Amino acid sequence: MVTNIVILTVLSCFAMNKWLIFFLLGNFQSIYSQISFQDQASELGVNLTYGESNLGGGVSFVDFDGDGWDDITLTSEKGKETYFFKNQQGTFSRVNLGITDTLETKQILWVDYDNDGDKDLFVTSITGLNKFYENNGNLVFTDISASSGLFTSNLYSYGAAFGDIDNDGDLDIFITNRDVTTKNQRNYLYLNNNNDFIDITESAGLFLGNELSFCASFFDYDNDGYQDIYVSSDKYTKINRLYKNKGDLTFEDVSETSGAGMAIDAMSTTIEDYNNDGWLDIYVTNTSGGNYHLRNNGDGTFTNVAEALGTAFYSIAWGASYLDAENDGDLDLYVSGMLTGLDDRLPSAFYENQNDLFNIPENAGFENDNRISFANAIGDINNDGLVDIIVMNDTDLPFLWKNRSVGSNTWLKVKLQGTQSNRDGIGSKIEISSNGKKQYRYTLCGEGYLGQNSNYEFFGLQDAINIDYIKVTWLSGTVDIINNVQSNQSITIVEGEGIKLPETSDSIDVVVYPNPSENGIFNINVEQLEGATQLEVFNVTGQNVLNKELPDSNEEINIGNLSKGIYYLKVRTGDQVEFISLINN
């Protein structure tokens with residue numbers, strides 16, 4: 001595989017005032033003393049239930065309208081429509097998106113399958129056809145269920161996941177089916193061929209028999225740059241499947257040789273690197289025989305360490321999500337269960353990670369859980385950098401666990417935008433280092449049990465003011481390395497370009513030439529609006545290195561005396577602001 005490495009030392013200009021505050025504050029100690037969550041579903045407007053279900057429904061915590069706030073989408077029982085809740089800066093209101101299907105729905109995924117910059121919608125069902133909606137822009141949808149090439153009969157579908165098995169920038173799809181009545185439904189792998197889907201399950205070498213599968217996820221277990229597939233299958237007569245991607249549109253079944261092919265009542269496929277060793281681990285929920293916590297040994301094998309870590313649960317578990325609840329730099333774990341606390345088995349569990357050993361802390365807010373719960377997902381309700389949790393319950397209202405932990409731990413939220421890779425950056429690996437400590441995240445679409453997490457990846461940083469570097473390895477082979485990034489901000493990284501500049505007004509027409517400049521001299525042409533126009537130039541540390549008022553529509557600026565590299569030009573006219581990168585060669 002050809003690897004392109006792009007190193008960019010950039011900082012988001014819009015956060016400069018915040019950076020200065022942090023620099024003035026200097027170092028401070030982390031004072032998180034208590035993890036604290038509170039259910040605020042009713043207060044925040046998420047006030048509808050799934051209804052009567054067959055083993056629960058799915059949830060999504062993805063920003064479906066692209067306004068920077070994580071929205072919530074809930075599936076529903078037969079006879080009711082899917083519920084869409086728009087996040088209005090920290091509270092939610094139900095919105096009508098024109099999706100009127102009344103099937104019993106399971107997995108719900110927002111994904112930009114056609115790479116056009118908006119979210120399309122895929123929903124599975126066990127009482128009718130799976131539904132696929134193309135977003136034409138502004139949340140106006142076209143039903144492409146029949147024309148997309150996917151199967152058009154009711155195969156009792158539970159889970160779905162999107163990934164890119166051939167690294168061509170188009171998202172492929174894996175659909176899991178679980179029909180306990182006829183027991184003759186297999187799973188399906190579809191290749192995206194210019195937005196038409198082709199069934200390649202057989203030619204890819206995947207198992208064609210009935211699996212009773214709930215869910216699957218695409219991930220790279222062996223760090224070879226290709227997405228593998230992990231499938232959770234119900235009942236002790238079926239094994240979980242791990243398929244190794246051979247890079248030629250075929251897969252090798254390594255379920256048994258890897259140690260990941262256990263036969264249990266498997267519900268979920270929760271993927272993350274819980275011990276920050278650079279290898280992706282798997283958490284699989286189970287019935288009271290105990291959940292499996294599969295540590296990736298880095299040699300193609302996995303070891304179940306649930307008992308040793310304290311995460312076996314020993315109840316009836318469904319969804320699970322990794323999250324750093326108190327932003328202390330390690331991943332905790334939340335597990336949903338369907339028992340109501342009437343016996344000594346757990347109805348749910350929040351496990352705090354303490355040096356890669358997990359325990360259930362007291363008074364974290366989850367103690368009064370007495371609801372039957374299934375899917376869960378993580379997001380950020382109010383953009384405060386603390387991870388919140390949405391939980392799908394059955395006939396009760398969902399839980400919306402708002403993170404109310406108090407302290408000074410810092411954080412970073414990273415969203416990806418692919419150019420050569422798929423637009424959502426699915427299948428990318430993000431590595432950061434702060435205070436010499438590395439952390440890793442992997443981007444998925446379809447995870448846990450019928451869940452979809454926020455498109456932001458969350459990093460807790462303890463007391464770090466700066467992140468030493470962010471390294472993004474994309475499926476295309478491009479590697480972006482971004483140095484010296486400020487904490488406590490949300491950023492979008494564009495493949496091959498670095499941190500995306502803040503959205504600005506189109507009211508200012510600015511032309512800069514030449515750019516790059518070989519001598520540091522740039523000609524600036526600005527459409528003059530009412531009022532004075534101010535030019536400012538900042539270096540990558542946020543330091544203002546030039547201030548100048550534009551006397552008319554044309555001006556020259558000279559930064560040839562400064563170091564070579566990337567700078568930012570800020571053009572302000574009245575209330576309108578425009579940012580432009582300057583490359584001083």
Side-chain angles (χ1 to χ4, degrees), residues 207 211 213-245 251-315 317-324 329-335 346 349-360 429 431 437-442 444 447-449:
F207 182 67
E211 297 272 59
S213 300
F214 279 120
C215 300
S217 291
F218 290 93
F219 80 122
D220 185 1
Y221 86 96
D222 53 358
N223 285 342
D224 66 351
Y226 290 100
Q227 288 203 283
D228 312 299
I229 304 172
Y230 189 66
V231 186
S232 70
S233 297
D234 194 14
K235 307 303 180 187
Y236 286 88
T237 57
K238 311 292 181 180
I239 67 168
N240 284 15
R241 300 273 178 180
L242 177 59
Y243 295 107
K244 174 181 168 57
N245 189 336
F251 291 79
E252 177 185 357
D253 188 337
V254 295
S255 309
E256 294 188 7
T257 57
S258 67
M262 61 280 189
I264 59 174
D265 287 322
M267 320 296 191
S268 68
T269 56
T270 301
I271 311 291
E272 206 60 89
D273 182 2
Y274 81 89
N275 57 353
N276 287 321
D277 64 353
W279 299 90
L280 292 169
D281 311 298
I282 313 171
Y283 188 79
V284 184
T285 54
N286 187 20
T287 50
S288 54
N291 299 347
Y292 275 58
H293 205 148
L294 298 178
R295 184 189 66 213
N296 191 330
N297 298 318
D299 59 0
T301 68
F302 293 83
T303 300
N304 180 24
V305 292
E307 180 70 28
L309 296 183
T311 55
F313 193 64
Y314 296 122
S315 188
W318 292 92
S321 292
Y322 287 107
L323 68 153
D324 186 350
D330 54 30
L331 286 171
D332 311 303
L333 181 67
Y334 178 81
V335 181
L346 293 168
F350 173 81
Y351 293 104
E352 182 182 3
N353 186 344
Q354 295 183 328
N355 298 317
D356 293 340
L357 294 176
F358 293 78
N359 65 76
I360 299 177
K429 186 174 183 178
E431 173 187 330
K437 179 180 179 180
K438 292 182 180 181
Q439 296 183 56
Y440 302 88
R441 299 289 185 271
Y442 190 81
L444 298 97
E447 50 213 294
Y449 177 75

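Worth saying up front: this structure is predicted, and the values here are computed from it rather than measured.
In this structure, the side chains of Y243 and D228 stay at 4.5 Å or more apart for every pair of heavy atoms. A heavy-atom distance below 4.5 Å is found between the side chains of W279 and N223. Residues Y351 and V335 meet the side-chain proximity criterion, which asks for heavy atoms closer than 4.5 Å. In this structure the side chain of C215 never reaches within 4.5 angstrom of the side chain of S268, judged on heavy atoms. Residues Y274 and L333 fail the side-chain proximity criterion, which asks for heavy atoms closer than 4.5 Å. With a 4.5 Å cut-off on side-chain heavy atoms, L280 and D273 count as touching. You'll find the side chain of D265 reaches within 4.5 Å of the side chain of K235, heavy atoms only. A heavy-atom distance below 4.5 Å is found between the side chains of F302 and Y221.
Annotation for N245 and Q227: closest pair ND2-O, 2.8 Å, computed over non-hydrogen atoms. Considering every non-hydrogen atom in both N304 and H293, the closest pair reads OD1-N, 2.9 Å.
Looking at N291, T269, T270, N240 one by one, the single match for side-chain contact (heavy atoms from CB on, under 4.5 Å) with V284 turns out to be N240.
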inquiry  = What verdict does the side chain to side chain donor-acceptor pair (under 3.5 Å) test give for E447 and Y322, after you've listed the backbone C-alpha separation in whole Å, the side-chain angles of each residue and the deciding distance to 0.1 Å?
reply    = CA-CA 11 Å; E447 50 213 294; Y322 287 107; over 6 Å; no
query = Going through the checks in order, is the side chain to side chain contact (heavy atoms under 4.5 Å, CB included) test met by L294 and Y230?
reply = CA-CA 12 Å; L294 298 178; Y230 189 66; 3.9 Å; yes
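Using a 4.0 Å cut-off between a side-chain N of Lys or Arg and a carboxylate O of Asp or Glu, D220 and K429 do not qualify as a salt bridge. Salt-bridge check for R295 with D277: failed, with every basic side-chain N at 4.0 Å or more from each acidic carboxylate O.
Taking a 6.0 Å sphere around CG of D299, one finds it holds more than 12 heavy atoms contributed by other residues, nucleotides or ligands.
Put simply, the side chain of Q439 never gets that close to the backbone of N276: no donor and acceptor are under 3.5 Å apart. At distances below 3.5 Å, not a single donor-acceptor pair connects side-chain atoms of S255 with backbone N or O atoms of G261.
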